[in-house]
Amino acid sequence: MKLPQTFFLNSNVVAIARKMLGKILFTKIDNQITGGIIVETEAYSYKEKGCHAYKGMTKRNEVMFREGGIAYVYLCYGVHEMFNVVTNKKGKADAVLVRALEPLVGIEQMMKRVNAKTERKIASGPGKLTKALGIDRRCNGKEMNSVEIWIEDKNLKFKNRDIGCSPRIGIDYAGDDAWLPWRFTISNINDYKFKIQNL
DNA sequence: TACGTGATCACG
DNA sequence: GTGATCACGTAA
């Protein structure tokens, strides 16, 4: 089942980030379908200093202020496209950064895009997963149930011990807010992968 | 551990 | 206009 927009309208972005683990992010770009299981996410709220929207609306973060359920894609360090899903109601600029995927569909195509020789680690970072899925700033503002990009729920459930929760990566500029445990990870994904059917 | 890379943003 | 900074990846 494709996740509906309502999934992203909740005001608790941390809960959404947690629930996005195990969902499957797909793109159909250049007529190729590629996708992977979301295994690492981070929550960002306009109320805290780690968030691009903390200081208000700018040209870059404008889509974060729209109604939830759309993509927020921006360029980081001049090199990497970063993919987020905007959440919450219009004007409440929250988002979830997707930081890593377990490759699942269209693996050959993903390997080609990232120029990798093996399928291992081809989407194991926020900059790499966008490259693997063909996501770039053209996806900025795109609805998350469109034909180019969407997330599916295959009802994957995890044991508590396989879910990690820790501070977010690379946001030292956020001061105290850098300590918020808003990063979520899955370990032992291979123990769960086989449960996914009907790709 | 160092640095490429270029858009963005807060200054004037 | 300009310059510091950046939600990374890779090589070493």
Side-chain angles (χ1 to χ4, degrees), chain A residues 8 12-21 23 25 27 34 36 38-66 68-88 92-103 107 109-142 144 149 151 163-186:
Chain A
F8 301 105
N12 187 344
V13 65
V14 178
I16 296 176
R18 160 67 188 79
K19 288 200 306 192
M20 281 172 63
L21 293 175
K23 305 289 191 281
L25 174 62
T27 59
T34 50
I38 296 172
V39 296
E40 181 178 352
T41 61
E42 286 177 358
Y44 288 87
S45 163
Y46 66 98
K47 295 176 183 170
E48 48 84 18
K49 296 193 283 295
C51 184
H52 284 169
Y54 178 67
K55 294 179 188 166
M57 191 187 296
T58 66
K59 189 173 178 185
R60 176 176 67 169
N61 67 23
E62 180 271 325
V63 304
M64 291 185 76
F65 289 81
R66 301 191 205 167
I70 61 177
Y72 168 47
V73 183
Y74 69 94
L75 188 68
C76 184
Y77 295 106
V79 185
H80 309 290
E81 311 274 350
M82 306 283 272
F83 168 73
N84 302 250
V85 182
V86 175
T87 67
N88 213 335
K92 311 281 187 188
D94 295 345
V96 176
L97 172 67
V98 178
R99 290 187 56 89
L101 302 177
E102 174 70 18
I107 290 172
Q109 174 67 21
M110 289 195 265
M111 287 170 58
K112 200 184 290 181
R113 284 180 180 144
V114 301
N115 208 7
K117 292 181 181 62
T118 73
E119 85 168 75
R120 257 183 79 69
K121 297 192 172 183
I122 56 177
S124 62
K128 293 169 76 178
L129 76 89
T130 53
K131 196 171 177 190
L133 293 196
I135 295 170
D136 60 26
R137 280 162 289 170
R138 286 174 295 187
C139 296
N140 193 39
K142 198 142 278 186
M144 287 305 300
I149 186 162
I151 293 176
I163 298 174
C165 177
S166 57
R168 296 168 294 176
I169 303 295
I171 57 162
D172 292 346
Y173 60 85
D176 294 346
D177 289 336
W179 295 102
L180 293 169
W182 286 7
R183 171 173 177 250
F184 297 93
T185 54
I186 290 296

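- With a 3.5 Å ceiling on both atom-pair distances, dT5(B) lacks any Watson-Crick or G-U wobble partner.
- In this structure dA7(C) sits in no base pair that meets the Watson-Crick or G-U test at under 3.5 Å.
- The distance between atom CE of M82(A) and atom C1' of dA7(C), rounded to the nearest whole Å, is 4 Å.
- The line from CG of D177(A) to OH of Y44(A) is 11.0 Å long, rounded to the nearest 0.5 Å.
- For dA7(C), its base never sits under 3.5 Å from the side chain of H80(A) at any donor and acceptor pair.
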Check the interface with nucleotides 9-12 of chain B: list each N/O to N/O pair with the protein under 3.5 Å, or write none.
unit_1	atom_1	unit_2	atom_2	d
dC9(B)	OP1	T58(A)	OG1	2.4

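- Taking 4.0 angstrom as the limit, Y173(A) places a side-chain polar atom (N or O) nearer than this to OP1 or OP2 of dA7(C).
- Atom C1' of nucleotide dT5(C) and atom CG of L75(A) are separated by 13 Å, given to the nearest angstrom.
- The distance from atom NZ of K121(A) to atom C1' of dT10(C) is 12 Å, rounded to the nearest whole Å.
- Put simply, CD1 on I171(A) is 9 Å from P on dA7(C), counting in whole angstrom units.
- Aromatic stacking is marked for Y44(A) over dA7(C), as both cut-offs hold: 5.5 Å for the centres and 30° for the planes.
- Side-chain contact between K128(A) and I122(A) is absent, with no heavy-atom pair separated by less than 4.5 Å.
- Under the 4.5 Å side-chain criterion, counting only non-hydrogen atoms from C-beta, L133(A) is in contact with L25(A).
- Within 6.0 Å of the NZ atom in K49(A), the count of heavy atoms belonging to other residues, nucleotides or ligands exceeds 12.
- Residue R137(A) is classed as a sugar-phosphate contact, given heavy-atom separations below 4.0 Å to backbone atoms only.
- Summarising the geometry, the separation between CD on E48(A) and P on dA7(C) is reported as 12 Å, rounded to the nearest angstrom.
- The side-chain heavy atoms of F184(A) and R99(A), taken from C-beta on, include no pair separated by under 4.5 Å.
- Rounded to whole angstrom, the span from the CD atom of E81(A) across to the C1' atom of dG9(C) amounts to 14 Å.
- Within the 4.5 Å cutoff, no side-chain heavy atoms of T27(A) are placed close to those of F83(A).
- For M64(A), the listed nucleotide lying nearest its side chain is dA7(C); candidates were dG9(C), dA7(C), dG4(B).
- If you take OH of Y54(A) and P of dT8(B), they are 23 Å apart, rounded to a whole angstrom.
- Atom pair L129(A):CG and dA7(C):C1' shows a separation of 12 Å (rounding to whole Å applied).
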Take D136(A) and R138(A), measure what salt bridge (charged side-chain N to carboxylate O under 4.0 Å, His left out) needs, and give me the verdict at the end. CA-CA 5 Å; D136(A) 60 26; R138(A) 286 174 295 187; 2.8 Å; yes

